[in-house]
Student: 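I'd like to ask you about the structure that follows.
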Amino acid sequence: MSDIILEMRNITKLFPGVRALSDVSFQVKRGEIHCLVGENGAGKSTLMKVLSGVYPHGTYEGEIIYNGKEQQFKKISESEKEGISIIYQELALFPELSIYENVFFGHELVDRGIINWNKTITESQSILKRVGLDVNPSVKVKTLGVGSQQLVEIAKALSKNAKLLILDEPTAALNEIESENLLNLLRELKKQGVTSIMICHKLKEVVEIADTVTVLRDGTTVATMLDVQTKKLSEREIIRHMVGREIENIYPHREDVKIGDVVMSVDNWSVFNPLSNRLLLDQVSFNVRKGEIVGLAGLMGAGRTELAMSLFGNGLGHKILSGELTLNGKSGRFKTQHEAIENGLAYVTEDRKGNGLFLIQDVKYNISIANLKQLTEGIVINENEEVLVTEQFRESVNIKTPSIEQKVGNLSGGNQQKVSLAKWLYVRPDVLILDEPTRGIDVGAKFEIYSLMNELVAQGMSIIMISSELLEVLGMSDRIYVLAEGVITGEVMAADATEESIMTMATRTEEGLGNG
């Protein structure tokens, strides 16, 4: 049997007005972990969708050779039948169904036309053990954390006898402990003969896990690096291939940092979730100064997003039990997001596709929607002014799009994030909350967003940045607060912090430690 399990030859894929892939060739060895990297819009996900049959044969040029045979997949079920399984960044699970129902959904274990539930549960237990998930397969998926749900997705793939596993940003929504567990699982599956292709923007993980790295740029293959673990490939070398230039410091330095007086303070903020009957935040106190980037660190479930949303008009329906918010000298609580915006607070959500943007609308609509009153004369929108404003943000934020009439759903993740930022910058906030601002975007786009953040605080804006990436928190913040189980367990100047010290605080919940 050949050492090569997959070869994609001269793949070209066109969309209206866009050449997404241009003569791409890609080769994967049997039993390896092959990382596919590149900037957003480089063509990584498109290439994998061609492979899996999402883009059927006939809609692209080129050949797919899998296990020594040319394949012409017209739908996903055909590639799955051959042992190819793809897991997307947005998980495709049914939250109200049990784990075992999800694992075997669409390929149920049937005896004489009737689903054999006992066999389904037994088989699910065996597969869950294989992926290292120690839970009852009868529990509903919605009760699991994101990391465990990711393992259910992999179990689902293995239940279809997957021999080639494709993972699109599998650790994007995971904390560092969950990410490490997933990487260890891929190593274990490799020992069991499963080949993995992983699309990943976290270069630290790439150099840690990959046997081979292929870099795409602008829809073409620019480099393939073999024997990565032996040759000790550096992140810097990958970045150079990805962006076509050197980036000396991924976290750009700020010159002449001028931090002013406190512009926003939060005192004894406690939030309760009536649905889960759980206290989410317990007497949280912190402040933000003019021209400062304040990092909010913590493990998943620590309460960071809940804090942001409760400050920004309580959008999650949680009950604020106590606490006072003071912004620009005015104290109170915002009952609606509109009230928060009116008072100088804006929030860029971590879920740009679900809650941050209207994907079926164009760039112009998405940027202008948060501040239409500035464009309205009576009840009529000044369309000329709307175009002018949108074009200004397109240039200043460097949104790469053929036109401001382009639907946002057709943009890369990095450019979607820039649209989401531009939308909230247009309301001219005094304090901007950025929730996971670089999740799922490439190193080049990250650098641009970091540079923009530095420009904004230099102009006097204040930023609260929530991030699960410790290096990002350390690299971009002036000051850091750490949350653990709804309690602030520490406050530290970024210059004095380390990954170890932040993680130590993130795993401590001593009552009142560092709070206030």
Side-chain angles (χ1 to χ4, degrees), residues 37-45 88-90 168-169 171-174 199-203 239 242-243 247 250-252 293 295-296 304-305 308-309 312 346-371 390 392-404 406-427 429 432-457 461 463-469 471-473 475-476:
V37 301
E39 295 189 87
N40 285 103
K44 308 179 298 296
S45 295
Y88 297 104
Q89 186 175 341
E90 289 82 20
D168 192 349
E169 294 291 345
T171 64
L174 306 185
I199 298 173
C200 188
H201 285 131
K202 296 182 180 180
L203 300 187
I239 291 170
M242 285 174 61
V243 301
I247 294 182
I250 188 61
Y251 304 108
I293 298 177
L296 279 184
R304 296 165 302 163
T305 293
M309 290 295 287
F312 187 61
Y347 171 63
V348 179
T349 176
E350 63 177 336
D351 182 10
R352 59 178 174 264
K353 290 186 176 181
N355 297 321
L357 298 168
F358 298 94
L359 298 181
I360 63 171
Q361 298 289 351
D362 59 27
V363 173
K364 173 166 59 69
Y365 179 96
N366 273 276
I367 290 177
S368 64
I369 190 65
N371 200 10
T390 307
Q392 287 173 345
F393 276 107
R394 175 191 182 186
E395 182 177 349
S396 64
V397 184
N398 194 24
I399 301 168
K400 295 170 184 172
T401 174
S403 160
I404 59 172
Q406 176 72 272
K407 283 185 170 55
V408 167
N410 293 334
L411 301 181
S412 69
N415 285 301
Q416 287 179 357
Q417 185 69 349
K418 290 177 187 176
V419 172
S420 188
L421 273 168
K423 166 186 168 182
W424 291 111
L425 292 178
Y426 184 40
V427 306
L432 179 65
I433 304 174
L434 299 177
D435 197 347
E436 302 288 0
T438 64
R439 173 176 287 171
I441 64 176
D442 64 81
V443 65
K446 282 183 178 183
F447 184 82
E448 290 182 319
I449 287 174
Y450 296 149
S451 299
L452 177 61
M453 289 169 63
N454 286 346
E455 289 174 19
L456 293 173
V457 291
M461 188 182 291
I463 291 176
I464 300 170
M465 181 183 71
I466 299 169
S467 177
S468 297
E469 293 190 35
L471 289 177
E472 182 172 78
V473 173
M476 289 303 299

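In this text, all values refer to a predicted model and were calculated from it rather than measured experimentally.
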Student: Over 60° means perpendicular and under 30° means parallel, so classify the ring planes of Tyr365 and Phe358, tilted if in between.
Tutor: perpendicular
Student: So do Tyr251 and Asn454 actually touch side chain to side chain, heavy atoms under 4.5 Å?
Tutor: no
Student: Taking the inter-plane angle between the rings of Phe312 and Trp424 on a 0 to 90° scale, is it parallel (under 30°), tilted (30 to 60°) or perpendicular (over 60°)?
Tutor: perpendicular
Student: Closer than 4.0 angstrom, basic N to acidic O: yes or no for Glu469 and Lys446?
Tutor: yes
Student: Is there a side-chain contact between Lys423 and Asn366, using heavy atoms and a 4.5 Å cut-off?
Tutor: no
Student: Indicate yes or no: does Glu448 engage Lys418 in a salt bridge with an N to O separation below 4.0 Å.
Tutor: yes
Student: Can you tell me if Gln406 and Thr401 form a side-chain donor-acceptor pair at under 3.5 Å?
Tutor: no
Student: Taking all heavy atoms of Val37 and all of Cys200, pick out the closest pair and write down the distance.
Tutor: CG1-O, 3.4 Å
Student: As an exercise, state the distance from OG1 of Thr349 to CG of Leu357, rounded to the nearest 0.5 Å.
Tutor: 9.5 Å
Student: Between atom CD1 of Ile399 and atom CD of Gln416, what is the distance when rounded to the nearest 0.5 Å?
Tutor: 11.0 Å
Student: Evaluate the side-chain contact (heavy atoms from CB on, under 4.5 Å) criterion for residues Leu425 and Met461: first the C-alpha distance (whole Å), next the side-chain angles of each, then the deciding distance (0.1 Å), finally the verdict.
Tutor: CA-CA 10 Å; Leu425 292 178; Met461 188 182 291; 4.0 Å; yes
Student: Testing Ile293, Val427, Val348 for side chain to side chain contact (heavy atoms under 4.5 Å, CB included) with Leu432, which one passes?
Tutor: Val348
Student: Between Tyr88 and Ile199, is a side-chain contact (heavy atoms from CB on, under 4.5 Å) present by the stated rule, with each step listed?
Tutor: CA-CA 10 Å; Tyr88 297 104; Ile199 298 173; over 6 Å; no
Student: Would you say the side chain of Leu471 lies within less than 4.5 Å of the side chain of Ile250, judging by non-hydrogen atoms?
Tutor: no
Student: Once you round to the nearest 0.5 Å, how far does CE of Met476 lie from CE of Met465?
Tutor: 6.5 Å
Student: On a heavy-atom basis, which atom in Ile449 and which in Pro437 lie closest, and how many Å separate them?
Tutor: CD1-O, 3.9 Å
Student: Are Ser45 and Glu169 side-chain neighbours, meaning at least one heavy-atom pair lies under 4.5 Å?
Tutor: no
Student: CZ of Arg394 to CD1 of Ile367: how many Å apart, nearest 0.5 Å?
Tutor: 10.0 Å
Student: Do Gln417 and Thr438 have side-chain atoms, one donor and one acceptor, less than 3.5 Å apart?
Tutor: no
Student: Check the pair Leu203 / Met242 against side-chain contact (heavy atoms from CB on, under 4.5 Å), numbers first and verdict last.
Tutor: CA-CA 11 Å; Leu203 300 187; Met242 285 174 61; 4.1 Å; yes
Student: To the nearest 0.5 Å, tell me how far Leu359 CG sits from Lys407 NZ.
Tutor: 11.5 Å
Student: Can you tell if the side chain of Asp362 reaches within under 4.5 Å of the side chain of Ile404, non-hydrogen atoms only?
Tutor: no
Student: Below 4.5 Å, heavy atoms only, C-beta onward: do Asp435 and Met309 meet side chain to side chain?
Tutor: no
Student: Give, for atom CZ of Arg439 and atom OG of Ser468, the distance between the pair rounded to the nearest 0.5 Å.
Tutor: 5.5 Å
Student: Is there a side-chain contact between Leu421 and Leu434 (heavy atoms, below 4.5 Å)?
Tutor: yes
Student: Under a 4.5 Å cut-off applied to non-hydrogen side-chain atoms, are Ile466 and Glu350 in contact?
Tutor: no
